[in-house]
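Read the structure below first, then the notes.
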Amino acid sequence: MRIADLGSAKLNGIPGELDHKMSTPYVVSRYYRAPELILGSTVYHTEIDMWAVGCILFEMLTRTPLLPADEEGLMLLETVCVIGSPTAEDLNEIRKIIPLRMCQVLEKLDYYKPIDFGDLILATKQYS
């Protein structure tokens, strides 16, 4: 099996610096979209592809999507329920790449503890 078409992220110019001219948050199928894309970031790197691979691997193991939401708001909530609420340090980094109004949404979310992926996989396999 081959997972292909992970070409949404861009490596342009000087390593570590991003070329923002051609980036759009509307890349990747919704179930595999990284949180920064859901939050409207146009500043991203190859990590968005790694996020997608992780979601695909979870789905292959459990035969169910990790984050099966139909709307971006629900997708963000499901993501936070799985990976946990962003810390103050996370929010400082997030503020560098997403619009301020989206940061305010994250700051207002209830606290969620991250879920252990091993437990999540086992629980999902039991119910599928």
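These figures come from a predicted structure and were not determined experimentally.
- The NZ atom of Lys96 sits 11.5 Å away from atom CD1 of Ile94, with the distance rounded to the nearest 0.5 Å.
- The two residues Pro68 and Glu78 have their closest heavy-atom pair at CD-OE1, 3.2 Å.
- Taking all atoms of both residues into account, the shortest heavy-atom contact from Leu37 to Ser41 is CD2-O, 4.0 Å.
- To the nearest 0.5 Å, the span separating CH2 on Trp51 from CD1 on Ile56 amounts to 12.5 Å.
- Across every non-hydrogen atom of Ile97 and Glu36, the tightest pair is CD1-CB, 3.9 Å.
- Identified under the salt bridge (Lys or Arg N to Asp or Glu O under 4.0 Å) test for residues 100-121, with sequence neighbours left out: Arg95-Glu107.
- To the nearest 0.5 Å, atoms CE (Met102) and CG (Leu76) are separated by 6.0 Å.
- For Ala69 against Met75, the heavy-atom pair with the smallest separation is CB-N, 3.4 Å.
- Linking ILVMFWY residues whenever their side-chain heavy atoms come closer than 4.5 Å, directly or via other members, leaves Val105 and Leu74 in distinct clusters.
- Under the 3.5 Å distance criterion, the side-chain polar atoms of Thr62 are left unmatched by any main-chain donor or acceptor of Ile121.
- Note that CD1 of Ile38 and CZ of Arg30 are 9.0 Å apart. Values are rounded to the nearest 0.5 Å.
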Residue pair Phe117, Leu61: steps toward the side-chain contact (heavy atoms from CB on, under 4.5 Å) verdict: CA-CA 12 Å; Phe117 269 78; Leu61 287 169; over 6 Å; no
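- Between Arg33 and Glu72, at least one side-chain nitrogen of the basic residue sits less than 4.0 Å from a carboxylate oxygen of the acidic one, meeting the salt-bridge criterion.
- Side-chain contact between Pro65 and Phe58 is absent, with no heavy atoms from C-beta onward closer than 4.5 Å.
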Test side-chain contact (heavy atoms from CB on, under 4.5 Å) applied to Leu120 and Leu66, step by step: CA-CA 9 Å; Leu120 183 60; Leu66 176 62; 3.7 Å; yes
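- Looking only at side-chain heavy atoms (C-beta outward), Leu77 and Tyr112 come within less than 4.5 Å of each other.
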side-chain contact (heavy atoms from CB on, under 4.5 Å) evaluation trace for Leu67 with Tyr31: CA-CA 6 Å; Leu67 305 164; Tyr31 286 2; 6.0 Å; no
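- Residues Pro99 and Leu39 come closest through the heavy atom pair CD-O, 3.5 Å.
- Counting heavy-atom neighbours within 6.0 Å of Glu89 CD, excluding the residue itself, gives a total of 12 or less.
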Candidate pair Cys103 and Ile98, rule side-chain contact (heavy atoms from CB on, under 4.5 Å), full reasoning: CA-CA 7 Å; Cys103 287; Ile98 66 168; 3.6 Å; yes
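- Residues Pro114 and Val82 have side chains not in contact (no heavy-atom distance under 4.5 Å, counting atoms from C-beta outward).
- A donor-acceptor pair shorter than 3.5 Å cannot be found between the side chains of Thr46 and Asp49.
- Met60 and Tyr32 end up in the same hydrophobic cluster when Ile, Leu, Val, Met, Phe, Trp and Tyr side chains are linked at under 4.5 Å.
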